[in-house]
There are 2 protein chains.
Amino acid sequence: MASSGKKKATIYDLSVLSGSSPSTVSAVLNGTWQKRRIKESTAELIRNLAETHQYTANRQARGLRSSRSGLIGLLLPIHDNRYFSSMAQTFEAHVRSKGQCPIVVSASRDPEEERKTAETLISYSIDELFICGATDPDGVHEVCEAAGLKHINIDLPGTRVPSVISDNYEGGRMLTEAIIRRFEGDRPLLPDELYLFGGRNDHASRERIRGFRAVKNELLGADPDECIQPTGYAPNNARLAFEAFYERNGRLPRGLFVNSSINFEGLLRFMAGHPHENFADLVVGCYDYDPFASFLPFPVIMIRQDVEGMITKAFEVIEEARPQARIHLIQPELVQPRTALTGPLDALRDIE
Amino acid sequence: MASSGKKKATIYDLSVLSGSSPSTVSAVLNGTWQKRRIKESTAELIRNLAETHQYTANRQARGLRSSRSGLIGLLLPIHDNRYFSSMAQTFEAHVRSKGQCPIVVSASRDPEEERKTAETLISYSIDELFICGATDPDGVHEVCEAAGLKHINIDLPGTRVPSVISDNYEGGRMLTEAIIRRFEGDRPLLPDELYLFGGRNDHASRERIRGFRAVKNELLGADPDECIQPTGYAPNNARLAFEAFYERNGRLPRGLFVNSSINFEGLLRFMAGHPHENFADLVVGCYDYDPFASFLPFPVIMIRQDVEGMITKAFEVIEEARPQARIHLIQPELVQPRTALTGPLDALRDIE
DNA sequence: AGTTCTTGCACCATCGATTGTGCAAACAAG
DNA sequence: CTTGTTTGCACAATCGATGGTGCAAGAACT
């Protein structure tokens with residue numbers, strides 16, 4: 001408790017202590033000293049002083065001067081979800097490995113909030129912005145463009161800058177087919193026994209629905225419109241949709257394509273409200289992977305999106321000199337029921 | 001991406017455009033203009049100019065001058081977990097409502113990384129730091145103290161500043177008791193049939209273990225040492241521990257107290273490796289809540305920590321003039337199997 | 001010895017906003 | 001008409017780091 005009011009040391013403090021000028025101190029400590037022909041012994045002296053006085057550069061000052069901050073932003077819809085939080089986890093690791101500082105912020109899928117959040121990040125002079133799952137990527141683009149900020153879309157595409165997204169059509173196909181196959185041999189699934197719940201009118205949902213319908217047509221020979229129920233993403237809206245279906249039909253569809261793990265939570269809520277149903281004949285396909293969901297009492301087939309692949313690709317593309325505003329598709333992976341996959345956490349060592 | 005060359009407007013630009021001095025522009029735009037007796041019409045003019053030129057203040061410059069940044073940091077162990085990501089979600093909402101900018105960073109439970117991350121955040125002149133689940137809170141404290149930065153511990157306590165944590169002893173007791181009661185009427189549980197897996201030598205684990213042992217003694221009359229298996233937090237280490245137990249005993253214990261949802265993932269991995277076991281007689285208590293885990297095929301009793309309560313309390317305490325370095329306990333909640341609770345996401349409106 | 005390099009650093013403007021201080025002009029009071 | 005008082009704003013220093021430029025002292029060379 002020695003140094004309560006102690007201010008952080010600056011290059012000026014070290015300048016006085018070392019007898020050199022502030023610019024010399026600065027050069028030594030930011031690595032440009034050789035270019036400035038500072039003597040090794042001078043550098044050594046200053047480095048030692050910096051060490052003993054626990055000097056760290058004030059990044060606001062540095063950022064102000066150089067108009068770069070060392071911050072790289074990730075704009076998420078929400079944190080509280082395995083898909084997006086693993087996005088955050090993976091993003092962090094990449095940014096750290098570049099020696100920069102990640103800053104992860106969520107904007108609740110609200111276009112207005114997305115733009116305002118981007119504005120805020122820009123006012124901190126972030127160096128790059130990764131726009132993940134934005135409801136209005138092009139709106140955010142405008143803001144970034146006006147500030148001359150490099151940016152890229154992930155998960156949901158925009159039209160003005162490159163986008164790295166899951167191949168949702170292919171994923172939708174894989175998942176739909178896996179659900180249907182699950183009933184083979186058994187009493188085969190009929191077209192009106194396979195429903196899709198959740199999602200809204202965004203690119204990802206549209207593509208998944210397209211895949212869903214295509215496969216239904218190919219394998220079941222029909223694809224009734226009423227089997228598509230885009231309830232939005234809120235768990236409770238999904239719950240209400242299940243509730244309504246149950247009310248009308250006295251049961252759930254045998255095959256369920258659930259658009260996201262968030263919507264899946266709506267299914268859980270529905271189930272909690274019907275404790276005596278055992279949902280024996282149910283097969284769920286969920287477009288998102290969650291290890292616990294994979295072990296539920298009914299077969300749950302899941303799609304794991306390749307978060308690592310998307311982030312890696314996004315970093316590649318954003319570094320390009322003049323990136324095209326095209327869409328890069330990353331293949332997702334089908335996960336059979338009762339599968340426990342490893343994730344970004346497994347890269348961490350566990351300290352005992 | 002696009003650096004269209006357009007620079008952001010500064011107070012100097014607006015100063016020229018409005019014919020006022022930069023300081024006047026600054027005062028108008030940061031709200032101190034009345035104190036400076038700026039004419040309403042002047043203010044109006046400048047406000048309009050700011051609007052049409054999309055002015056936003058450069059926060060690095062402001063922060064440099066005022067040595068405050070408007071950033072409030074949250075240091076997490078990891079993102080990729082429902083407990084911590086809901087911490088991030090809740091934290092964000094609180095910070096936003098104070099008109100500041102949240103910055104959430106993870107440090108992988110590594111004491112060295114925790115300190116370095118804190119250093120980095122400090123170099124951006126963050127205004128406050130919430131240290132959540134840190135392996136070495138007092139180490140981070142040193143760093144903050146040296147920089148004169150307000151900070152507080154959450155989830156895992158330190159000794160130098162206030163800490164807001166779950167009542168892990170009580171939670172451990174509740175969970176243990178609930179597991180034991182689950183077997184009542186049935187063939188009652190024996191002391192060596194109830195094991196605790198996961199966690200390590202941190203305050204939370206110790207308290208939970210203390211509660212676990214106390215209740216076992218009270219209700220089962222004994223509390224053998226070998227029933228405590230602190231495997232650390234890594235899922236794979238937990239898996240290995242389950243594997244080893246299974247190897248020795250040909251089955252799992254009937255009652256399992258799993259220290260965290262991360263450790264629970266280790267149990268899933270074990271189960272994935274033993275597809276023919278049905279684990280009929282198993283009751284799991286997990287110290288963490290996850291909606292999907294709650295609906296697994298065997299009874300899963302969970303503890304939900306009161307994240308909202310902890311964050312709220314932490315904000316209260318950190319605002320205090322001279323906060324005592326004491327521990328504030330927040331009561332967690334027992335969640336019966338097959339329960340779908342709402343979370344921070346439900347506060348968001350869903351846009352269609 | 002005089003000239004030209006090279007070495008090693010100091011000086012100073014600059015990034016954009018904040019804030020204490022000063023000072024004219026307008027106005028009021030005597 | 002003189003002396004205060006208030007109004008409305010401009011000036012300039014400052015936060016800490018960066019990087020272009022300049023310049024003295026020593027080395028090298030003729």
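Chain letters run A, B, ... following the sequence lines, proteins first, then strands; residues in each count from 1.
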Could you say whether A/Pro22 or B/Thr24 is positioned toward the 5' end of DNA chain D, judged by the nucleotide with the nearest heavy atom to each?
B/Thr24
Residues from residues 35-54 of chain A sitting under 4.0 Å of DNA chain C, heavy atoms only?
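Correct list: A/Arg36, A/Arg37, A/Ile38, A/Lys39, A/Thr42.
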Rounded interatomic separation in angstrom, taking [atom1] from [X] and [atom2] from [N]:
X	N	atom1	atom2	value
B/Leu14	C/dA17	CG	C1'	12 Å
B/Tyr12	D/dA10	OH	P	13 Å
B/Gln60	D/dC15	CD	P	18 Å
B/Arg62	C/dT18	CZ	C1'	9 Å
A/Lys8	D/dC15	NZ	C1'	15 Å
B/Gln34	D/dT7	CD	C1'	14 Å
B/Leu64	C/dT14	CG	P	17 Å
A/Asp13	D/dG16	CG	P	8 Å

Base, sugar-phosphate or nothing for [X]? Non-hydrogen atoms, less than 4.0 Å.
X	result
B/Gly19	sugar-phosphate
A/Ser66	nothing
B/Thr10	sugar-phosphate

Is it the case that the side chains of [Y] and [X] hold a donor-acceptor pair, with the cut-off being a distance below 3.5 Å and no angle test?
X	Y	value
A/Tyr83	B/Asp80	no
A/Gln100	A/His94	no
B/Arg109	B/Thr135	no

So does B/Arg65 reach the base of D/dT14 with its side chain, donor to acceptor, closer than 3.5 Å?
yes
B/Glu40 with B/Arg47: basic N within carboxylate O range, under 4.0 Å:
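Judged by the 4.0 Å cut-off on N to carboxylate O distance, B/Glu40 and B/Arg47 do form a salt bridge.
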Side chain of B/Ser20 only, please: which of C/dA17, D/dA10, D/dA17 is the nearest?
D/dA10
Of all the choices, D/dA10, C/dC12, D/dG16, which nucleotide is nearest to the side chain of A/Ser23 once you look at every atom?
C/dC12
Check whether any side-chain N or O of [X] sits under 4.0 Å from OP1 or OP2 of [N], and answer yes or no.
X	N	result
A/Ser21	C/dA10	yes
B/Asn58	C/dC15	no
B/Tyr55	C/dA17	yes

Angle between ring planes, B/His79 versus A/His79, binned at 30° and 60°: parallel, tilted or perpendicular?
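If you compare the ring of B/His79 with that of A/His79, the planes turn out parallel.
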Would you mind reporting whether B/Ile131 and B/Ile154 have side-chain heavy atoms less than 4.5 Å apart?
no
Scan A/Val104, A/Leu76, A/Asn81 and name whichever one has a side-chain contact (heavy atoms from CB on, under 4.5 Å) with A/Met87.
A/Leu76
Within a 6.0 Å radius of atom CD on B/Glu316, are there more than 12 heavy atoms belonging to other residues, nucleotides or ligands?
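More than 12 within 6.0 Å, yes.
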